[in-house]
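Written out below as structure tokens is the structure these notes cover.
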2 protein chains.
Amino acid sequence: METRIDRIKKQLHAASYKLTPQREATVRVLLDHEEDHLSAEDVYLLVKDIAPEIGLATVYRTLELLTELKIVDKINFGDGVSRYDLRQEGAAHFHHHLVCLECGAVDEIQEDLLEDVENIVEKRWNFQIKDHRLTFHGICWRCNDSSSQNPSE
Amino acid sequence: METRIDRIKKQLHAASYKLTPQREATVRVLLDHEEDHLSAEDVYLLVKDIAPEIGLATVYRTLELLTELKIVDKINFGDGVSRYDLRQEGAAHFHHHLVCLECGAVDEIQEDLLEDVENIVEKRWNFQIKDHRLTFHGICWRCNDSSSQNPSE
DNA sequence: TTATCACTTTGTAACGATTCTAATTAAAGA
DNA sequence: TCTTTAATTAGAATCGTTACAAAGTGATAA
């Protein structure tokens, strides 16, 4: 079976880049922390565990490269750091985020939900949408009511 | 007639802050450039024209204060700088943005458009929404087709 | 008026995230 | 193999932003 790494390798090759050991280590960290929203520094520290000789600049360059190839998305929640998030395989669009103002948790919404809105925007503003960023700020289910259950995630 | 500045002054007073000359100059710049999305540096340079002795730190502090009071919104389009945008008077929610990948223009959408989506998110994810950020990246009407007209803005 | 107090501003230094640079290393092609 | 190009490294540099110490402002009360 073809693994996720194999497919990413192909994507790199298709753009005439190589999957060097440093790049592979970086991708593995991202795969192992798909749920999280790691900053470059976070990634760097985690990559160092499996590839101690890696440099911070390489991590930055790798993340930039992966962003260019749309393998990861670079996001920004308003604190001073950029975070990097693996894109769902085959996802045409970027997923949305729920940022809790109370506990800081970041949850993801994989559903699109924006189809109607995008149709309106494309027509009414004559704007050809390539991508979107949607983040809700508020109170998450955990903080909302401790007796409530984790919803449809 | 009560001016916009007067009302902002009241908002400051209500939170026991004063509208100092520096703060007033900063607000005036924002009012005079409501269409733009100025960075702190941009604001600083413009404020210097009407109040040359102002310090950069003061501009930052003023923008932070105005953000706290929800008079302006601090936004981030992924380039390394924060931009500041006057909130429409009476707007409960933050407006949306269209960022053109070709010419870099930033247009605004004042309509809400997200009501349905927010209802779904609140119910399905049990998430109490306080605010949102929605930005579309794509090709604007100007770049899309030079013969086309400025749409419903 | 003068003293006092809290708030504000100033310029500069410090900080932290990110990018650049120069030197080195690894890989790929001839 | 040799040559050429791409990738990596450590550390310096840069850039936006924040923190700090000193000075200024303005209101209140003796």
Side-chain angles (χ1 to χ4, degrees), chain A residues 8-29 37-69 71-85, chain B residues 8-9 11-29 36-69 71-85:
Chain A
I8 290 173
K9 187 172 182 176
K10 278 187 186 163
Q11 285 181 265
L12 283 170
H13 287 163
S16 40
Y17 293 107
K18 302 167 211 158
L19 184 64
T20 65
Q22 291 87 342
R23 286 175 184 166
E24 179 167 350
T26 305
V27 171
R28 281 194 191 286
V29 165
H37 299 82
L38 303 174
S39 68
E41 185 86 27
D42 294 336
V43 175
Y44 173 61
L45 294 173
L46 288 165
V47 174
K48 271 188 104 68
D49 290 343
I50 54 178
E53 3 51 52
I54 202 169
L56 178 57
T58 301
V59 172
Y60 269 103
R61 251 177 299 102
T62 302
L63 291 171
E64 191 191 351
L65 176 61
L66 294 172
T67 304
E68 229 168 74
L69 298 179
I71 294 167
V72 310
D73 283 302
K74 184 176 177 179
I75 42 177
N76 203 305
F77 292 133
D79 53 347
V81 283
S82 294
R83 299 177 180 280
Y84 298 85
D85 217 354
Chain B
I8 289 173
K9 188 172 181 176
Q11 285 183 265
L12 283 170
H13 286 164
S16 39
Y17 293 106
K18 301 170 209 155
L19 185 63
T20 65
Q22 291 88 341
R23 286 176 185 165
E24 178 168 350
T26 305
V27 171
R28 279 193 193 286
V29 165
D36 303 332
H37 298 82
L38 303 173
S39 68
E41 186 84 25
D42 294 336
V43 175
Y44 173 61
L45 293 173
L46 289 165
V47 174
K48 271 187 105 67
D49 290 343
I50 53 178
E53 3 52 50
I54 203 170
L56 178 57
T58 301
V59 171
Y60 269 103
R61 249 178 299 103
T62 302
L63 291 171
E64 191 192 352
L65 176 61
L66 294 172
T67 304
E68 229 169 73
L69 298 179
I71 293 166
V72 310
D73 283 302
K74 185 175 178 179
I75 42 177
N76 203 303
F77 291 133
D79 53 348
V81 282
S82 294
R83 298 177 180 280
Y84 297 85
D85 216 354

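Below, read A as the first sequence line, B as the second, and so on, with proteins coming before strands; counting in each chain starts at 1.
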Would you kindly give the [atom1]-to-[atom2] distance between [X] and [N], to the nearest whole Å?
X	N	atom1	atom2	value
A:Leu56	D:dA7	CG	C1'	16 Å
A:His13	C:dA27	NE2	C1'	11 Å
B:Gln22	D:dT25	CD	P	10 Å
B:Glu24	C:dT8	CD	P	15 Å
B:Glu53	C:dT9	CD	P	11 Å
B:Asp42	D:dC15	CG	C1'	14 Å
A:Arg61	D:dA10	CZ	C1'	12 Å
B:Asp79	D:dT14	CG	C1'	16 Å

key: Closest-nucleotide ordering on DNA chain C, the 5'-leading residue of B:Ser16 and A:Ser39   =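 On the 5' side of the pair lies B:Ser16.
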
message = Is A:Tyr60 close enough to C:dT19 that one of its side-chain N or O atoms is under 4.0 Å from OP1 or OP2 there?
response =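 No, outside the criterion.
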
key: Any A:Ser82 side-chain nitrogen or oxygen under 4.0 Å from OP1 or OP2 of C:dA17   = no

query = Do B:Ile8 and B:Leu69 touch side chain to side chain, with heavy atoms closer than 4.5 Å?
reply = no

Pick base, sugar-phosphate or nothing for [X], based on heavy-atom distances below 4.0 Å to the nucleic acid.
X	answer
A:Thr58	base
A:Arg23	sugar-phosphate
B:Glu41	nothing
A:Ile54	sugar-phosphate

note = Value for CG (A:Leu46) from CD1 (A:Ile54), rounded to nearest 0.5 Å, stands at 11.5 Å

request  = Can you figure out which of C:dT10, D:dA7, D:dA10 approaches the side chain of B:Ala57 most closely?
outcome  = C:dT10

task = Look at the side chain of B:Lys18 and decide which nucleotide, out of C:dT19, C:dT10, C:dC7, has an atom nearest to it.
result = C:dC7

